[in-house]
Structure formats: C-alpha cells, structure tokens
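Side chains included, hydrogens not; waters and symmetry mates left out as well; all remaining heavy atoms used. In this text the structure is predicted, and so the values were computed from the model without any measurement.
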Amino acid sequence: MASPAVDVRHVWMRYGDTDVVVDLSFDVQPGEVLGFLGPNGSGKTTTMRMILDIVRPARGEIDVFGNPPGVEHQARVGYLPEDRGLYRDVKLIDTLTYFGALRGMSGSNARARAMDLLEEMGLADAAQKKAAELSRGMHQKAQLIATILNDPDLLIIDEPFQGLDPVNADMLKGVVRKQRDRGAAVIMSTHDMGDAQTLCDRILLIDKGVRLLYGTVDRVREAFSDGAVQVSGPDIPASAEGLASVTDARAVADGMRYLIAEGASPQDLFRELAASGAHVEQFAVEAPSLDEIFIRTVAGDPRAEAVR
C-alpha cells in the first residue's frame with residue numbers, strides 16, 4: 001500500500017470545556033474516496049480544518065503527504081467548504097484564473113484549464129458572467145472547478161452535492177470519481193448515505209468526536225448483515241406492528257424490507273411470518289443500507305465494535 005496522503009493519529013481537539021474530537025485516528029490513501037460521516041456537530045468540520053492547518057490539534061499528530069500540515073502543501077490540496085464563496089462582482093473566468101495562480105499555475109495555463117472545465121461542466125456560456133448572476137447549481141459547479149483546477153493530490157470536499165438537482169449531482173459525482181481515478185485522495189463529508197454507499201471506497205463515521213465506524217463500505221455492511229431481510233409474497237405484513245423480531249418495515253420494489261431487532265434473528269422473523277399465515281415466496285437476508293447502519297450505530301448498536 002502506498003504512503004497515505006493523510007494520516008491522523010490519536011488527535012484530540014477541545015473548545016472551552018468541550019472535547020469536539022476525541023482520540024481520532026484514520027488515514028486516506030491516494031486513489032480512494034473516504035466518506036466522512038456523522039451528525040451535525042460531530043466534529044467533521046473541525047477535523048477537516050485541522051488537516052488544512054486552519055486550527056491545530058490539542059493532542060495527537062497529523063501528517064499530510066508525510067509531513068505536518070502547512071502552507072507548503074497549499075498547491076497540492078483542494079478544499080471545497082460547505083459555505084461556498086466566489087467573488088460576486090468578478091467575472092467567473094477571471095476568478096478561476098486567479099485561484100489557479102494562487103496555486104502556482106501560470107495565468108495562461110489557469111485560464112485555459114478553467115475554460116476546459118467550464119466546457120466540460122456545461123458552464124462555457126457563463127465564463128463572462130459575474131458570480132452574482134449564477135444560479136445555485138452553476139455556482140456550486142464553478143466552486144468545484146476552482147477546487148480541482150490544478151489537479152490537486154488531496155481533495156477535501158464538504159457536502160458537495162447538497163441542494164443540487166439529480167442531473168447536476170450526477171455530473172459532479174462523475175468529476176469526483178475522475179479525480180479519484182487519476183490518483184487523488186478524496187475526503188468527502190456528506191449526510192447522504194446513498195452517495196456514501198455508491199461513491200466511497202471507505203467510510204469513517206464519528207459522533208461527538210468519537211470514531212464509531214471505519215472501514216470499507218462492504219466490510220461495514222457485512223458486519224451488520226443480519227440486520228435486514230427482504231421478503232416477498234402474498235399477505236406479508238406491511239408494517240412492523242405485531243412482529244416482535246422487527247423494529248422497522250418499509251415497502252421496496254419486490255416486497256417488504258424488515259429491520260431485525262437487536263437480540264432477534266432472521267429465523268425469528270420467518271417463524272412469525274409463518275405463524276401469521278403469510279405466504280412467503282422469497283426470504284433473503286441482506287446487508288442493510290448505510291442509512292440504516294448510520295441510525296443503528298449512533299443509537300449504540302454493538303455490532304459497530306467489529307468495524308470501529
């Protein structure tokens with residue numbers, strides 16, 4: 001395995017009397033997307049700011065490209081914050097050219113690269129517009145262009161698809177995949193578990209600054225694989241009411257998806273369905289979605305210990 005682009009080791013951060021990051025360790029490899037997950041206020045933004053050297057940890061160590069964070073890494077790091085910011089009264093192409101120059105690109109190269117990316121993302125006609133004239137979706141795509149303009153080796157992107165329509169969201173997901181495939185390390189904070197499940201190679205879930213889950217998406221789902229069952233057939237219950245082995249039931253394309261209660265098993269559910277008179281045509285134990293795992297982990301599901 002290559003040396004990690006980011007290596008966080010036993011990091012703590014405190015504001016006043018509150019620990020917002022607690023003994024946190026993880027790494028990010030070149031050519032992977034790490035999904036950084038957690039409820040609001042869990043410590044994600046603080047952690048990203050420590051990696052960017054905006055704030056310093058109270059304890060622990062962080063390496064970026066094998067050295068402590070600092071301005072010397074600026075040209076190799078692209079940061080897309082949740083709060084977007086472009087110069088409202090400056091033409092978009094001029095703003096992007098300026099950002100490229102800040103990262104060591106010549107003015108001509110930055111302008112040419114910006115125009116290529118604007119064309120790729122369907123914004124060529126907006127090059128001469130001021131940021132104040134852009135729609136929210138156009139603004140968000142332009143901000144991502146600014147982040148990847150010089151092909152940085154590390155991307156830190158905070159809620160990159162929030163509020164976008166499906167077409168633009170898919171376009172930006174393609175850009176993130178392209179950056180990963182060329183070898184960039186990507187840290188992506190998101191509240192959308194569907195995006196995390198389809199886009200990320202590994203996930204890191206924290207709550208109150210504490211690491212709760214850490215590993216590949218497949219390994220995390222496998223650890224919770226006895227937690228969900230998909231059932232189809234006539235007369236199967238449409239809710240969890242009356243099923244002691246189930247905590248949640250939802251309709252899916254081919255029947256019902258049941259979430260197994262802690263301490264129960266899929267076999268318990270099968271016996272309950274048989275006793276109810278339901279005619280079961282299909283009964284498949286499935287790995288739960290990351291959305292279900294997120295909820296259960298934050299609530300204290302002990303199966304998280306296997307991938308902590």
Side-chain angles (χ1 to χ4, degrees), residues 6 36 40 44-56 64 69-180 182 184-192 195:
V6 176
F36 200 9
N40 291 330
K44 301 189 302 296
T45 299
T46 296
T47 302
M48 290 188 288
R49 287 175 175 171
M50 287 190 287
I51 294 169
L52 292 163
D53 201 37
I54 296 172
V55 295
R56 300 281 175 86
V64 178
V71 294
E72 62 270 23
H73 303 311
Q74 180 175 319
R76 298 182 66 187
V77 179
Y79 177 44
L80 178 65
E82 185 175 9
D83 297 325
R84 316 296 189 226
L86 294 173
Y87 299 115
R88 290 178 53 82
D89 297 321
V90 179
K91 291 179 180 178
L92 179 57
I93 186 61
D94 294 335
T95 297
L96 294 175
T97 302
Y98 173 65
F99 285 163
L102 288 178
R103 297 195 179 101
M105 302 176 73
S106 69
S108 59
N109 285 344
R111 195 174 190 88
R113 171 67 170 158
M115 282 305 306
D116 286 344
L117 289 170
L118 287 168
E119 182 75 35
E120 181 180 330
M121 295 196 199
L123 290 179
D125 292 342
Q128 300 300 322
K129 290 184 178 181
K130 297 178 181 179
E133 301 173 298
L134 304 179
S135 68
R136 177 173 179 174
M138 295 167 69
H139 194 284
Q140 202 153 332
K141 288 194 286 186
Q143 188 82 42
L144 184 58
I145 290 173
T147 305
I148 66 171
L149 193 62
N150 65 323
D151 285 334
D153 298 312
L154 171 64
L155 289 173
I156 301 175
I157 51 180
D158 198 353
E159 296 292 343
F161 318 122
Q162 187 176 34
L164 290 179
D165 64 76
V167 172
N168 281 319
D170 282 345
M171 179 183 293
L172 295 198
K173 289 172 191 176
V175 172
V176 172
R177 290 188 183 98
K178 186 175 180 179
Q179 294 295 309
R180 176 198 61 193
R182 70 168 179 82
V186 182
I187 301 174
M188 183 182 78
S189 170
T190 180
H191 285 104
D192 190 316
D195 287 344

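The two residues Ile93 and Ala114 make their nearest non-hydrogen contact at CD1-CB, 3.8 Å. Closest non-hydrogen pair, Ala126 versus Leu134, comes out as CB-CD2, 3.9 Å. Nearest heavy atom pair, residue Pro152 against residue Gly78, reads CB-N, 3.6 Å. In terms of heavy atoms, Asp158 sits closest to Ser189 at OD1-OG, 3.2 Å. Minimum interatomic distance between Val64 and Pro69 (heavy atoms only, all atoms of both residues): CG2-CG, 4.0 Å. The two residues Lys141 and Leu172 come nearest to each other via the heavy atoms CG-CD2, 3.6 Å.
Under the salt bridge (Lys or Arg N to Asp or Glu O under 4.0 Å) criterion, Arg182 pairs with Asp151, sequence neighbours left out. Applying the side chain to side chain contact (heavy atoms under 4.5 Å, CB included) criterion to Asp94, with sequence neighbours excluded, gives Val90, Lys91, Arg111. With sequence neighbours excluded, the residues forming a side chain to side chain contact (heavy atoms under 4.5 Å, CB included) with Phe99 are Leu86, Tyr87, Thr95, Leu102, Arg103, Ala146, listed by chain and number.
No more than 12 heavy atoms of other residues, nucleotides or ligands sit less than 6.0 Å from atom NZ of Lys130. More than 12 heavy atoms of other shown residues, nucleotides or ligands fall within 6.0 angstrom of atom CZ in Arg177.
Between Arg76 and Leu154 there is no side-chain heavy-atom pair separated by less than 4.5 Å. Put simply, the side chain of Ile156 does not reach to within 4.5 Å of the side chain of Val6, judged on heavy atoms. In this structure, Ile145 and Leu92 have side chains that are not in contact, with every pair of non-hydrogen atoms separated by 4.5 Å or more. Counting heavy atoms from C-beta outward, Leu80 and Pro160 have side chains that approach closer than 4.5 Å. Using a 4.5 Å cut-off on side-chain heavy atoms (C-beta onward), Asp116 and Glu119 make no contact. The side-chain heavy atoms of Phe161 and Asp195, taken from C-beta on, include a pair separated by under 4.5 Å. Between Leu164 and Gln140, the closest side-chain pair of non-hydrogen atoms falls below 4.5 Å.
Counted by atom type alone, Asn40 and His191 present one or more donor-acceptor pairs between their side chains at under 3.5 Å.
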Practice task
Please test Leu96 against Leu118 for side-chain contact (heavy atoms from CB on, under 4.5 Å), starting from the C-alpha separation and ending with a verdict.
Solution key: CA-CA 10 Å; Leu96 294 175; Leu118 287 168; 4.0 Å; yes
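Under the 4.0 Å criterion applied to side-chain N and carboxylate O atoms, Glu120 and Lys178 are assigned as salt-bridge partners.
Note that the OH atom of Tyr79 and the CZ atom of Arg49 stand 6.0 Å from one another [nearest 0.5 Å].
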